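As the structure is a prediction and not an experimental result, all values here were calculated from the model. Hydrogens, waters and symmetry mates are skipped; everything else that's a heavy atom, side chains included, is used. So you know, we letter chains A, B, ... as the sequences are listed, proteins then strands, and number each from 1.
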2 protein chains.
Amino acid sequence: MISIVVENYLKTILKTEDQSRKASTSNIARDLSVADATVTDMFQKLQKAGLLEYKPYYGATLTKQGRMIALKILRRHRLIELFLQKVLGYGWAEVHEEAEKLEHAVSELFVERLDQLLNFPVKDPHGEVIPDAQGFRATLEDICLAEAKPGEYTLRRVTSGDPEFLSYLEREGLVPSNRFSLVEKLPFQGPLKIMLKSSEAPRFIGLEAARKVYVTPTPPLAEGRRKAADHPPARGRRKAVGRRQLAEIERRDTLLSTRHEFARASQHPA
Amino acid sequence: MISIVVENYLKTILKTEDQSRKASTSNIARDLSVADATVTDMFQKLQKAGLLEYKPYYGATLTKQGRMIALKILRRHRLIELFLQKVLGYGWAEVHEEAEKLEHAVSELFVERLDQLLNFPVKDPHGEVIPDAQGFRATLEDICLAEAKPGEYTLRRVTSGDPEFLSYLEREGLVPSNRFSLVEKLPFQGPLKIMLKSSEAPRFIGLEAARKVYVTPTPPLAEGRRKAADHPPARGRRKAVGRRQLAEIERRDTLLSTRHEFARASQHPA
DNA sequence: TTTTTATATTAGTCTTATCTAAAAATTGAT
DNA sequence: ATCAATTTTTAGATAAGACTAATATAAAAA
C-alpha cells in the first residue's frame, strides 16, 4: 500500500518536473519542508519500489508507475478543489488546503462520482487542468504574465495554493476568466500596471505575483479564425450578449486555448 | 494534534459505551483488530492525555474531552455517509467504508457545509442519529427486533456497517422506514418470520441478524395521541396520500420516535 | 589543478504504532 | 482460601518517517 507520505513525494516530484525544475533531494526537501537526509532516504526507497529513477546531482525522474500514481493524486486534488468551490461554497483561497488532506482519503469511486457530479470538468478553480482518469492532460497554451507584452489579456491560471496570495488576487479582481489590459511594465523589475475591464482605476501588481499568473491574449488568436482585432466587436451598438451566451463563449475560448496530449506517462517506458 | 489512530480508539470506546459493553483492553483490541498489549499501551497514553479514565478489569471511560472528540468523529462519519448516499449516489452498503477514511480527513468547515447542504439531517442512511455540532444527540426509542413481540413494525435502524450484511438486508427489503409485520419467532433460537407490507411471501430472518435491527411499532404509539389502532386508517376508501405527504408523515413519525437529550459529555465532569 | 562551495549521504536517534512471548494480576469457582 | 482461567501488563522488537551532526562527493571557481 502506498502511504500518504509517499503520495506526497510523488505528487511533489511531478509538479517539480512540470515546472522543469530539477527534482533533486534538496529541492524536494524544501518543497515538503523536511530535511535533505529524509529525502535521500525516501528516494532510495522509492527507487527500490520502482516508482522513480534517481541519479545524485541530476535528480529523480518518475517511472511510468510513479507518474501514474502522481497523476491520480493530482486529479483527485483538482476535482476535490472544484467540488469544494462549486458544491460546498468554499472560497477560491480555501480549497487548496482542504484538498491536500482529502486527496489521500478518497476512493476511486468517490473521485469518479465527483467527476460526474461536476459534469466532467476540464479545469480546477485556479485554472489548472484536471488529468482524466487515464492520466491524460490537456496542455495549456497560456503565457506567464511576468513575460507578457502590453496588451489585452484574459487571466487563465494561477499557480499557487497560498490563501493569502489568492485572497489578494481576488481583491484585485485577478481571477480566472477575468479580462484586463496590461498597460505597461515599469522598469527595473518594477510592478506591472494593469487595468481591469470592469474598473477605471489602474492597479499595480508586483513582478513576483505576476510570475504566478498565466494569461492568454484577448480575444484569443486561434488558428483558422481571422484575428478579432480586424473586426472589433460592436460593443454597445447591438444588444449585449446574455449570460448564457457569455458562458458558452468563455467555455469555447477555454477549450481553444488547450490542446490534448498524452501524459508523459504513456511515452515513458519504465 | 490527535492522530487518526487516537480518533479511532476514542470512537470505538464511545460506541462500546453506547452498547453498554465494557471498554476493556481486550474488547477494544478485538474491535480494532489489534493486539491486547497495544491497547494497554494506548489506554495509558490516552489517560495521560486526559482523554479517558482507565481501571484494569473495569474498563475505560471517556472524559468530557475524550467524549467530545469521539462525538465529533461520529458526527462526521454519519454526515459523510448521508452525503455519499444522497449526493454521490452511493449504495446503502457502500457508505460506511468510505466514511471511515474520510471522517479523519475533513475539516470543521467541511462538516458544517455538508450539514447545510443536506439540510441539517437527523439520521444517517442506517438510521443512526447524527450528533449536532455541540455533541448533543437525540435518543432513539426504538427496540431490538430480536426482542420484539409479533406485530406491526417500522424498521428504524441497523447497527452494522458490513456491506455484505447490509446488501442482504436490502435484498430482503429491510431498510429504514420500511414496514413489515413480525408474524412469529420460531422456537429454539429459530429465525423470525416476517411479512413485508409490499409483498406476499413471508421471509425468515436469523436471530443474529435480528439483533442488529431496531424497529418501532407501526403506527407509533406516541404519548398524548390516541392509539392509532383505535382508528384504523381508511385505506383504499379515500384518495391515497401523495408522495410529498407520505414523506412528511414519515418525517414526523421519525421525529416523534426520538427525544432530545444532552449528550453524556455535558453531564460528565472530567 | 587545487580549492571552495553546494549538494548528498551516512550514522545514530526519536516517535508512533504495532507485534509476540512471557510474566503478573484479578476473578471466579471449587 | 486456593487454584484455574481469564485478563492485563511488561519487555523487547520492528517498521515508517523524521531529525541532527558529521562526512563525503561533485561542481564551480580561482
Within less than 4.0 Å of OP1 or OP2 of [N], is there a side-chain N or O belonging to [X]?
X	N	value
B/Thr40	D/dT10	no
A/Gln44	C/dA8	no
B/Ser26	D/dT8	yes

Categorize [X] for me: base, sugar-phosphate, or nothing, with a 4.0 angstrom heavy-atom threshold over every strand shown.
X	value
A/Thr25	sugar-phosphate
B/Tyr58	nothing
A/Phe43	nothing

Between [X] and [Y], does at least one N-O distance fall below 4.0 Å, as a salt bridge requires?
X	Y	result
B/Lys72	B/Glu103	no
B/Glu128	B/Arg137	no
B/Glu112	B/Arg75	yes
B/Glu81	B/Arg78	no

For [X] and [N], give me the distance from atom [atom1] to atom [atom2], rounded to whole Å.
X	N	atom1	atom2	value
B/Asn8	C/dT16	CG	P	17 Å
B/His104	C/dT16	NE2	C1'	16 Å
A/Tyr57	C/dT5	OH	P	16 Å
B/Tyr54	C/dA25	OH	P	14 Å
B/Asn27	D/dT8	CG	P	8 Å
A/Lys55	D/dA27	NZ	P	10 Å
A/Gln47	C/dT9	CD	C1'	14 Å
B/Ile2	C/dT16	CD1	P	13 Å

Run the ring-centre check on B/Phe83 versus A/Phe83 and record whether the distance is less than 6.0 Å.
yes
Considering all heavy atoms, the nearest B/Gly50-B/Thr63 contact:
O-OG1, 2.8 Å
Below 30° counts as parallel, above 60° as perpendicular, anything between as tilted: where do the rings of B/His126 and B/His96 land?
perpendicular
Got a list of protein N/O to nucleotides 16-23 of chain D N/O distances below 3.5 Å?
unit_1, atom_1, unit_2, atom_2, d
D/dG17, OP1, A/Ser3, OG, 2.4
D/dA18, OP2, A/Tyr9, OH, 3.3
D/dC19, OP1, A/Ala35, N, 3.3
D/dC19, OP2, A/Ala35, N, 2.7
D/dC19, OP2, A/Thr38, OG1, 2.5

Name the closest nucleotide to the B/Pro56 side chain, picking from D/dT8, C/dT7, C/dT9.
D/dT8
